[in-house]
Structure formats: C-alpha cells, structure tokens
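Have a look at the structure below, then the notes.
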There are 2 protein chains.
Amino acid sequence: IVELKGVHKVYKLGKVEVPALKGIDLTISSGEFAVIAGPSGSGKTTLLNLIGCVDVATRGAVNVDGHDTATLSESKLTRLRLDRLGFIFQSFNLVGVLDAFDNVEFPLLLQGNLTKAERRARVEAIMDSVGLRDTMRHRPNELSGGQRQRVAIARALVTRPRIVMADEPTANLDSTTGHQIIDVMKRLNHDEGTTFIFSTHDPKVMAQADRSIELIDGRISQTSVRDDG
Amino acid sequence: IVELKGVHKVYKLGKVEVPALKGIDLTISSGEFAVIAGPSGSGKTTLLNLIGCVDVATRGAVNVDGHDTATLSESKLTRLRLDRLGFIFQSFNLVGVLDAFDNVEFPLLLQGNLTKAERRARVEAIMDSVGLRDTMRHRPNELSGGQRQRVAIARALVTRPRIVMADEPTANLDSTTGHQIIDVMKRLNHDEGTTFIFSTHDPKVMAQADRSIELIDGRISQTSVRDDG
Ligand SMILES: Nc1ncnc2c1ncn2[C@@H]1O[C@H](COP(=O)(O)OP(=O)(O)OP(=O)(O)O)[C@@H](O)[C@H]1O
Ligand SMILES: Nc1ncnc2c1ncn2[C@@H]1O[C@H](COP(=O)(O)OP(=O)(O)OP(=O)(O)O)[C@@H](O)[C@H]1O
Ligand SMILES: [Mg+2]
Ligand SMILES: [Mg+2]
C-alpha cells in the first residue's frame with residue numbers, strides 16, 4: 001500500500017544542503033503495523049512526511065494507496081490526505097483557537113459527509129477511547145502535554161483513514177495511557193485493517209510491530225518482519 | 001531548597017473551575033535528583049511551573065531557594081528565574097526566528113555577565129555535550145523533534161542554574177541520546193551540586209532518581225527516597 005523507490009530528501013539551509021534521506025527503498029503492505037526506529041535526527045519524521053504527502057521527495061518515487069504522489073494535482077493530494085490518510089504529528093499541530101472537540105471534528109467538517117449528530121457521536125466515541133471525555137471543551141493551551149497528544153491522535157483517527165502515520169504518538173504519555181492508546185490502534189488494525197506506520201522510540205510500540213525498519217543517518221540499515229509462527 | 005506548603009492550583013475555564021493541584025506539601029533538598037511521576041493530566045507540569053516561578057499558586061506557600069515567591073516583586077522574580085533557575089519546557093518554547101545557537105545564548109545575553117567570546121565558548125560546549133554540534137545554525141523548524149528538545153535542554157543549562165526544572169526532557173529522544181542527556185545532568189548534579197526536579201514517564205530517568213514523588217489526580221500519593229545503603 002506504500003512503496004518508495006530511490007527516495008532522496010535534501011533540505012536547503014541557505015546555501016548549505018542537508019541530506020535527510022539518502023536513497024530509501026521501502027515497501028509496506030496493507031494492514032501492517034510497521035515501526036520506523038532510529039536515533040534522533042536520523043530522518044524518521046522526514047520519511048513519514050513523504051509517505052503522508054505532507055512533503056515531496058527531492059528524488060525518487062513515492063507511491064501511496066496506488067497513486068504515484070508526484071503525479072497528483074494539488075486538489076487530488078488534498079483529497080487523498082483528507083479521505084485516506086491520518087497523520088499524528090510529532091508536535092501535534094492543533095488549532096489553538098478551537099477547543100479539543102472542535103479540533104477533532106475539523107476533518108469531518110471538511111469531508112462534509114456526516115450530519116452534525118453523526119459527527120458528534122463519532123468525535124465523542126474516539127475522544128472517549130483515548131481518555132479525553134472530561135476535557136473536550138479545553139483549548140490546547142488549557143491541556144496537559146499528554147492530553148494535547150491524545151487530541152492529535154483522536155483527530156487523525158476520526159475519519160477512519162486507511163493509512164495512519166503516527167510520529168511518536170506516545171512520547172508524552174505515561175505507561176498506562178500509552179498502553180491504552182496502543183490498544184485502540186491495535187484494535188483498529190485488527191478490526192478495520194487500518195495500516196499503521198509509526199516513528200517511535202517507545203519499546204511498548206515496538207513490541208507490537210509486525211514489521212520494524214531501522215533508520216540510521218538517512219538510510220535503512222535493516223528491516224525485519226516479526227515471525228510469530 | 002524547595003518547599004511547598006498547602007499548595008492548591010485551580011484553573012478557571014470560563015465559569016468552570018479545574019482543580020489541578022489539591023493540597024501539596026513537598027520538600028526538596030539542595031542537590032537532589034528528584035522525579036515527579038504520574039499519569040497524563042495528574043498535575044506534574046502545573047507543579048513544576050509553580051516551583052519554577054512560571055505560574056503562581058491559588059493557595060499555599062511556595063518557597064524556592066530561600067524566598068517566599070509570593071512576596072517577591074516582578075523584577076526580583078525575573079532575576080531569580082534568570083540567575084538561579086533553569087526550565088526545560090515540555091513543549092520547548094524556543095524562539096522561532098532565532099537559530100539554535102542564538103536560542104541557547106539568549107539567557108546569557110540577558111544576564112550580561114560574559115564577553116562575547118566567553119558566551120560563545122559556553123554555548124558551544126553545552127551544545128556539543130547534547131550532540132548538537134552540527135545543527136547550531138538551524139532554526140527550530142529546521143530541526144527534528146529530538147533536536148529541538150536538546151536545544152531547550154542546552155538553553156536551560158547554559159546559565160549554570162542552581163535548580164533545574166526538567167519537564168519530560170527525554171520524551172522525544174531515542175534510548176542512546178536519552179542516556180547521553182541523563183549523563184550530562186547526573187554529572188552536573190554530582191560536580192556542581194545542581195538540584196534537578198524532573199517530571200517524567202521515562203524509566204531511564206526514574207532509575208537515576210534519588211527521590212521519587214508520585215502524583216495522582218493533583219495529590220501526592222507517595223514519596224520515596226532511594227536508599228543505596
Ligand atoms: N490553563 C488551563 N486551564 C484549565 N485546565 C488546565 C489548564 N492547564 C492545565 N489544565 C488541566 O490541569 C490538569 C493538569 O495538567 P498538567 O499539565 O499539570 O498535567 P501533567 O501531569 O503535566 O500531564 P502530562 O503528563 O500529560 O504532561 C489537566 O487535567 C489539564 O487538563
Ligand atoms: N527544514 C529543514 N531544513 C534543514 N534541515 C532539516 C529540516 N528539517 C529537518 N532537518 C534535518 O534533517 C534531519 C532529519 O530530521 P527528522 O526530523 O526527519 O529526524 P527524526 O528522525 O524525526 O528525529 P527525532 O527522533 O529527533 O524526531 C535532522 O538532522 C534535521 O536537523
Ligand atoms: Mg521526528
Ligand atoms: Mg506535563
């Protein structure tokens with residue numbers, strides 16, 4: 001469902017070039033629970049941004065859900081991101097002037113497929129599953145770090161995407177809450193076949209992966225598939 | 001060096017009151033490596049903000065480094081925060097328009113005690129110790145999450161504060177980098193007697209604590225001191 005061939009990403013910093021990805025070949029199958037692990041600065045966020053169509057590669061092909069993303073028009077890309085993909089950002093990217101409920105509802109409003117009552121039911125259900133029942137009317141600056149992270153998680157999952165990019169989704173969560181979130185994701189993966197692609201440092205997430213990709217200094221150093229017999 | 005007596009913190013959310021701390025009594029000795037642990041939303045950041053003089057209690061006394069912080073004038077509080085305290089924020093709070101080097105140098109400029117060459121030497125040394133030698137001229141949006149976290153760490157330590165409030169300082173770091181940062185802090189604690197007060201979910205940090213305080217739903221449920229014999 002995701003295929004990268006010869007992918008390079010070079011950032012420009014004034015005159016200096018910063019190569020963040022140095023030739024990535026990667027295939028992820030539909031329904032996988034895949035983890036990208038690696039040191040800080042190794043390129044995990046950069047890789048997730050390309051797969052999630054939030055950024056474009058400098059070189060190479062990025063195929064997502066059957067599309068060569070380089071050939072899609074801006075409106076087709078927007079449609080793909082909204083309808084098929086979910087993105088949990090490492091720095092959350094919440095809308096500061098909206099409360100938690102409205103932040104989570106936002107993509108449903110953009111999609112325009114549900115009635116107000118249907119949206120409300122869905123938002124309340126997903127927020128309840130990540131433990132945010134009591135803080136739905138807080139704005140982001142009135143929430144704890146882990147609560148903001150969970151608003152970002154709820155927002156990514158509320159549209160029932162086919163592929164979820166999760167960039168360190170448990171970084172700000174204690175062990176119990178982290179397990180709760182991983183269980184929600186595992187259940188979606190199991191029941192709906194949702195593909196999950198994580199960037200993480202959290203051993204609890206790595207333990208659940210059926211596929212692990214190690215990134216070091218912009219290159220894949222090894223990938224392993226879990227063989228549970 | 002830090003003493004809280006009967007401390008309450010109530011946030012106002014429109015007409016609703018959100019009690020975040022519900023009667024905290026706490027003493028931390030000079031030179032301690034103390035950890036505040038607890039679930040997401042339990043009040044850790046709120047507690048650190050009071051100790052770090054970034055917020056004020058609704059009720060109760062907060063004594064820091066010999067001062068009753070409620071009695072200090074705004075300028076005395078500013079002086080205390082700048083000269084004696086260091087704060088690593090959970091959401092970093094970097095200055096977006098300044099590069100990493102300038103972000104770390106900033107408190108030294110405010111203090112005005114060092115020459116330009118002395119500032120430069122100190123900034124480079126601290127940034128090197130947290131692994132940021134190659135990214136000193138990147139601005140925050142040109143850094144990875146873990147790199148931004150380390151800029152926040154370097155900035156808090158560059159003034160050689162007496163007390164460091166560290167709010168989840170390893171959340172975005174892989175295991176190796178996390179250990180590196182904890183070693184830097186342990187060394188400062190051992191060589192300089194710097195007091196460290198962490199909020200963390202990271203078992204690696206908890207393992208180093210000589211004092212652990214458990215916060216649940218705004219109250220201290222237990223505190224334990226490590227007895228290494
Ligand atoms: N400005 C605010 N207005 C209203 N409620 C707030 C505000 N700031 C924090 N809260 C609430 O106070 C409680 C404690 O927040 P705090 O940030 O101290 O938690 P925390 O222990 O640091 O959590 P985490 O581990 O997720 O960072 C939370 O339930 C949060 O929703
Ligand atoms: N806009 C940019 N301009 C220049 N360099 C950048 C930019 N964004 C990221 N980088 C650099 O690219 C490299 C990879 O960044 P990336 O955010 O993908 O790392 P990461 O693996 O997600 O790290 P972390 O675990 O710390 O989140 C880093 O060295 C970073 O400094
Ligand atoms: Mg990252
Ligand atoms: Mg917090």
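Letters A, B, ... are given to chains in the order of the sequence lines, protein chains preceding strands, and every chain is numbered from 1.
The part of E168(A) that comes within reach of chain B is its side chain, from C-beta onward, which places non-hydrogen atoms under 4.5 angstrom from that chain. Residue contact with chain A, scored on non-hydrogen atoms closer than 4.5 Å, involves the side chain of T177(B) exclusively. With a 4.5 Å cut-off on non-hydrogen atoms, V18(B) touches chain A through its side chain but not through its backbone.
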Apply side-chain contact (heavy atoms from CB on, under 4.5 Å) to Q149(B) and S40(A), showing your working. CA-CA 10 Å; Q149(B) 186 145 43; S40(A) 172; over 6 Å; no
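Crowding of R137(A) atom CZ: a count of heavy atoms from other residues, nucleotides or ligands under 6.0 Å exceeding 12. The environment of NZ in K5(B) is sparse: at most 12 heavy-atom neighbours from other residues, nucleotides or ligands sit within 6.0 Å. For OH of Y11(A), the number of neighbouring non-hydrogen atoms (other residues, nucleotides, ligands) closer than 6.0 Å is greater than 12. A 6.0 Å sphere centred on CZ of R160(A) holds no more than 12 heavy atoms belonging to other residues, nucleotides or ligands.
Note: G145(A) leads G131(A), S175(A), A20(A), G145(A) in heavy-atom pairs under 4.5 Å with chain B. Here E142(B) is the residue among R139(B), E142(B), R148(B) with the most heavy-atom pairs under 4.5 Å with chain A. Residue with the most contacts toward chain A among S144(B), A171(B), G146(B), G178(B): A171(B) (heavy-atom pairs, distance under 4.5 Å).
Atom CG in N172(A) sits 8.5 Å away from atom CG in D167(B) (nearest 0.5 Å). Rounding to the nearest 0.5 Å gives a distance of 6.5 Å between NZ of K44(A) and CG of D174(B).
Listed in order of number, the residues of residues 89-102 of chain A that approach chain B to under 4.5 Å between heavy atoms are Q90(A), S91(A). Of all residues spanning residues 195-208 of chain B, those with a heavy atom less than 4.5 Å away from chain A's heavy atoms are H201(B), arranged by number.
Within the 4.5 Å cutoff, the side chain of H138(A) has heavy atoms near those of the L13(B) side chain.
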